Amino acid sequence: MAASTTTMTEKARKYYEEIEAFYVSLYGPNFHHGYWPSPDDGTTYERALDNLTDQIISRVGVGAGDRVLDVGCGMGGPAIRLARATGARVTGISNVASQIRQATALAAAEGMAELVTFELADALALPLPDASFDAAIAVESLIHMPRDPVLGEIARILRPGGRLVAADFCLNSPVSEVRRELLDLYQRLDTLSPIIGFDEFGPMIRRAGLQPIELLDATKHIENSPRMWRDRMHADRQNLTDRYGQEGLSGFDKLIDDVITHGGPDYLFFTARKPSPARRP
Ligand code: SAH
């Protein structure tokens, strides 16, 4: 593996070890945005977090007996929900040991350990055979990796005809100077790969040897999320102050307020398929 990709994996690991308590407070076992069918429809945050996973599940098209890889599985919420909804066998991988421990415990507590397992692994060097999965999902994880190499790895482990469904960050609207600065900060603090244009996803998917099936800008469905983070931060203030200190917390406050005011990254779902070999005439 190239030195730069090793460094990215290490940086992401350190970031997630440090941020874990904050994320648990904001997201529970679902380290991703919420999804609202329409922005002011009264959907609770809890429900919106599950809705986002359901958007992935509805696109992945798997059932009992299928094998699904969850790339960058976090605390396991999405993998467990996917297995419960479809009956598929799900393997979640992450580069953070404490996530794997907690995700494994959650699957056991929810009676899902037969169908869902979690392993410590680097998504850029998956310890998995070629063509061994019917589908893969990647929920807000690709942004932490150089995307071409990770998409290549996912294409390798998918069987021909297998699907990848991902939720990812992008840019698909005009960027004011203040939003540009905010996105740069967001990227430095939170993510490691560049936030690329919506239109760059199709060519990137093709470069990995996959066929794009759907690219959908979902920004307006996730935009309530930062207000929910702010509410949760207030509710868990003491605990978070003990963990990150006043100063650390005011940094998070400012970032969240700025995202609410100026807008964060745009957001998309994409579905891609590994082509089946052409039939001989
Ligand atoms: N998909 C999960 C977690 C999203 S957070 C959810 O929706 O809840 C991003 C995840 O990507 C974290 O679990 C992080 O540890 C993981 N990740 C980042 N870089 C990785 C890498 N190189 N290999 C494996 N996992 C990685």
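Each ligand, and each atom within it, is numbered from 1 in the order the structure gives. Atoms considered below: every heavy atom in the structure, side chains included; atoms not considered: hydrogens, waters and symmetry mates. Not measured: the values here are computed from a predicted model.
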More than 12 heavy atoms of other residues, nucleotides or ligands under 6.0 Å from CD of Glu214: is that the case? yes

Atom indices of ligand 1 within 4.0 angstrom of Val139 heavy atoms, with elements: 1 (N), 2 (C), 4 (C), 7 (O)

Side chain or backbone of Ala121 under 4.0 Å from ligand 1, or both, or neither, by non-hydrogen atoms? backbone

Tell me the protein heavy atom at minimum distance from atom 3 (C) of ligand 1, and give that distance in Å. Gly72 O, 3.4 Å

Answer yes or no: does an N/O atom from Asp70 fall short of 3.5 Å to an N/O atom of ligand 1? no

Do any N/O atoms on Phe31 end up under 3.5 angstrom from N/O atoms on ligand 1? yes

So which protein heavy atom does atom 23 (N) of ligand 1 come closest to, and at what separation? Ala123 N, 2.9 Å

Is it the side chain (CB and beyond), the backbone, both or neither of Gln99 that lies under 4.0 Å from ligand 1, heavy atoms counted? side chain

Short N/O distance, under 3.5 Å, between Met145 and ligand 1? no

How far is atom 22 (N) of ligand 1 from its nearest protein heavy atom, and which residue and atom is that? Asp122 OD1, 3.0 Å

So, does Thr241 use its side chain to make a donor-acceptor pair with the main chain of Arg237 at under 3.5 Å? yes

Considering only non-hydrogen protein atoms, determine which one is nearest to atom 5 (S) of ligand 1 and report residue, atom name and distance to 0.1 Å. Tyr16 OH, 3.1 Å

Between the side chain of Gln55 and the main-chain N/O of Tyr35, is any donor-acceptor distance below 3.5 Å? no

Taking only non-hydrogen atoms of Ser94 and a 4.0 Å limit, the atoms of ligand 1 in range are 13 (O), 15 (O), 24 (C), 25 (N)

What is the nearest protein non-hydrogen atom to atom 18 (C) of ligand 1, stated with its residue, atom name and distance? His144 CB, 3.6 Å

Pick, from Asn95, Leu124, Asn30, Leu126, the option with the minimum heavy-atom distance to atom 17 (N) of ligand 1. Asn95

So is there a nitrogen or oxygen of Val96 less than 3.5 Å from a nitrogen or oxygen in ligand 1? no

Electrostatic pair Asp258-Arg179, nearest N-O below 4.0 angstrom: no

Nearest-0.5 Å distance, OG of residue Ser193 to CG of residue Asp148: 9.5 Å

Checking contacts here: is it the side chain or the backbone of Ala12 that comes within 4.0 Å of ligand 1, counting heavy atoms only? Could be both or neither. side chain

Give me the one residue out of Tyr23, Tyr186, Phe22, Trp229 that meets ring-ring contact (aromatic ring centres under 6.0 Å, His included) with Phe252. Phe22

In ligand 1, the atoms that come under 4.0 Å of a heavy atom of Gly74 are 2 (C), 3 (C), 13 (O)

Arg159/Asp134 salt bridge by N-O under 4.0 Å criterion: yes

Please check if any side-chain donor atom of Asn172 sits under 3.5 Å from a side-chain acceptor atom of Asp217, or the reverse. yes

Glu223-Tyr267 side chain donor-acceptor pair, cut-off 3.5 Å: no

With heavy atoms under 4.0 Å as the rule, classify the contact between Pro78 and ligand 1 as side chain, backbone, both or neither. side chain

Give a yes or no on whether a salt bridge exists between Arg232 and Glu46, defined as a side-chain N under 4.0 angstrom from a carboxylate O. yes

Would you sort out whether Asn239 and Asp242 count as a side-chain hydrogen bond (donor to acceptor under 3.5 Å, both in side chains), showing the intermediate values? CA-CA 5 Å; Asn239 171 35; Asp242 292 348; over 6 Å; no

Flag for Glu20-Ser98: side-chain donor and acceptor within less than 3.5 Å: yes

So the atoms of ligand 1 within less than 4.0 Å of a heavy atom of His32 turn out to be 6 (C), 7 (O), 8 (O)

Ligand 1 to Met75 polar contact by distance, N or O atoms, under 3.5 Å: no

